[in-house]
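Written below as structure tokens is the structure these notes are about.
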Amino acid sequence: MSKRTIVSMPGDGIGKAVLDETIRVLDAAGFDAEYVEGDIGWEFWRKEGNPLPQRTIDLIAKHKIALFGAITSKPKDEAFEELAPEFKEKNLVYSSPIVGLRQHFNLEICVRPCKTYKGNPLNFVRRGIGNEIEEPIVDVVIFRQNTEGLYGGVEWSNPSEDVYNAFMTHPKFKKNFGNVPKEEISISTRIFSKERTENILREAFQHAKEYGYKSVTLAEKPNVIRETSGMMYKMAQQIQKSDYPEIELWNTNIDAQMMWLTKNPEDYGVIVAGNMFGDIVSDGFAGLIGGLGFACSAQWSKDGIAVFEPTHGSAPKYADYETSIVNPLAMIESACMMLDYINEKTIAKKIRKAVAEVIEEGKVRTYDMMKMRGTPDVVKKGAASTKEMADAVIAKL
Ligand code: NAI
Ligand code: MG
């Protein structure tokens, strides 16, 4: 196969450390690729007034596949303060470049697998009958709609007359908010479209079928959020009935799901949800398999643009340590998802096997795996650095 070009976007904070180490692992595993760096993040907001420069969008459009570390987002006012003086009078408003990227390329399918690694000291355990400690095997893949819903960005504070009047036509708005002054109202909408809802549902069912999961669970709230969750549930029922009769469709409410996931996580297979509930439920499951150091994700559009990133952020408090201490496994796992996506499954399998061996052996563990606080001296106290963890994976390869 010809050499691949991958856009690498380290972003801010620990993003660079985990991405650099991941590329070393990819090289060592024999993945033949060239990496072109894409600018994204806080530095570009400050210097250029744009955290997602057009040149980065062009690079991704050209090469289609990207690895992303993490970015830093700060609240509106702070963002304005840090802006270079020449941009201050331009009325620029900071918005998260990763959310921008998702919307620009319609990266509507977000996939977040949460699988237990044998021997991970952070695995969820519970007390079983007769008082013994049980360690259930979690093997869940969350499909999250990534562009719509509550994170769609259609929102107002002190809405314009037009918007306000439109809302006033809804009897419930009129009854509950009709006498609240307009200036005191903030509105964030939750919009679902049929096409994108169908896309995420179909990807979830297809994944269940391909990888042998017996159920797809819709984690929404159709009994209360009747229009959006309700539509999604109805569509899920239709898709299951017509195309995936062999897979069970389970319908749980998101709140109950958050309770069930610690009571019986081993019962779930594929989970599908809208944007915010998918975000929440995937963090919940990630907590059962080791937390942010292990939580990986993929997001893609229906026309082949795909970005792979760990779920964690830029962890600014660790960014300036002389030796990086954070766990690179979430980023490495995200890169494995990229390899699966571009059909380099053998290399992905090899890396996952190496990671599993390192974890099971238990000799090399980053500070999070040792349940330490992330102080600069953790390496002196026996924790592996980011690089040492990558080295351990490379040694197993
Ligand atoms: P965070 O994920 O950056 O860090 C939270 C805590 O999790 C860290 O302090 C650390 O204890 C732990 N942690 C994170 N990654 C780890 C790793 N690889 N290994 C070991 N421990 C790890 O979230 P936080 O502190 O809420 O946000 C920091 C910045 O990151 C903010 O500016 C936020 O907006 C941004 N962010 C960016 C995301 C992205 O780029 N997709 C996602 C989440 C937050
Ligand atoms: Mg999240």
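FYI, the numbering just counts along the sequence from 1. Given the structure is predicted, the values throughout are model-derived calculations rather than measurements. Just so you know, ligand 1 is whichever comes first in the structure, and atom 1 is the first atom listed for that ligand.
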Suppose I only count heavy atoms of Tyr318 and a 4.0 Å limit; which atoms of ligand 1 are within that range? 9 (O), 10 (C), 11 (O)
Looking only at non-hydrogen atoms, the one of Gly313, Pro310, Ala295 nearest atom 43 (C) of ligand 1 is Gly313
Selected option - heavy-atom contact closest to atom 28 (C) of ligand 1, from Gly11, Pro316, Gly69, Pro328: Pro316
Would a line drawn from the ring center of Trp45 to the ring center of Phe87 be shorter than 6.0 Å? no
If the cut-off is 4.0 Å to any non-hydrogen atom of Asn327, which atoms of ligand 1 fall inside it? 17 (C), 18 (N), 19 (N), 20 (C)
Closest to atom 9 (O) of ligand 1 (judged by heavy-atom distance), picking from Met389, Arg373, Lys317: Lys317
Report, in ascending order of atom number, the atoms of ligand 1 lying under 4.0 Å from any heavy atom of Ile14. 15 (N)
All pairs passing salt bridge (Lys or Arg N to Asp or Glu O under 4.0 Å) where residues 222-240 contributes a residue, at least two apart: none
Any Val18 heavy atom less than 4.0 Å from ligand 1: no
Proximity of Phe308 and Tyr341 rings by center, below 6.0 Å: yes
How long is the span from the CG atom in Asp12 to the OG atom in Ser73, to the nearest 0.5 Å? 8.5 Å
Quick one: pull up CG in Leu249 and CD in Gln237 and give me the separation to the nearest 0.5 Å. 6.5 Å
Enumerate the atoms of ligand 1 whose separation from the nearest heavy atom of Ser314 is less than 4.0 angstrom. 3 (O), 29 (C), 30 (O)
Proximal atoms of ligand 1 relative to Thr311 (non-hydrogen, under 4.0 Å): 42 (C)
So, the side chain of Arg102 versus the backbone of Leu107: is there a donor-acceptor pair under 3.5 Å, distance only? no
If we ignore angles and hydrogens, is there a donor and acceptor under 3.5 Å between the side chains of Thr197 and Gln145? no
Filtering Met331, Met369, Glu309 for the heavy atom nearest atom 41 (N) of ligand 1 leaves Glu309
Considering the heavy atoms of Thr72, write down every atom of ligand 1 situated less than 4.0 Å from one of them. 32 (O)
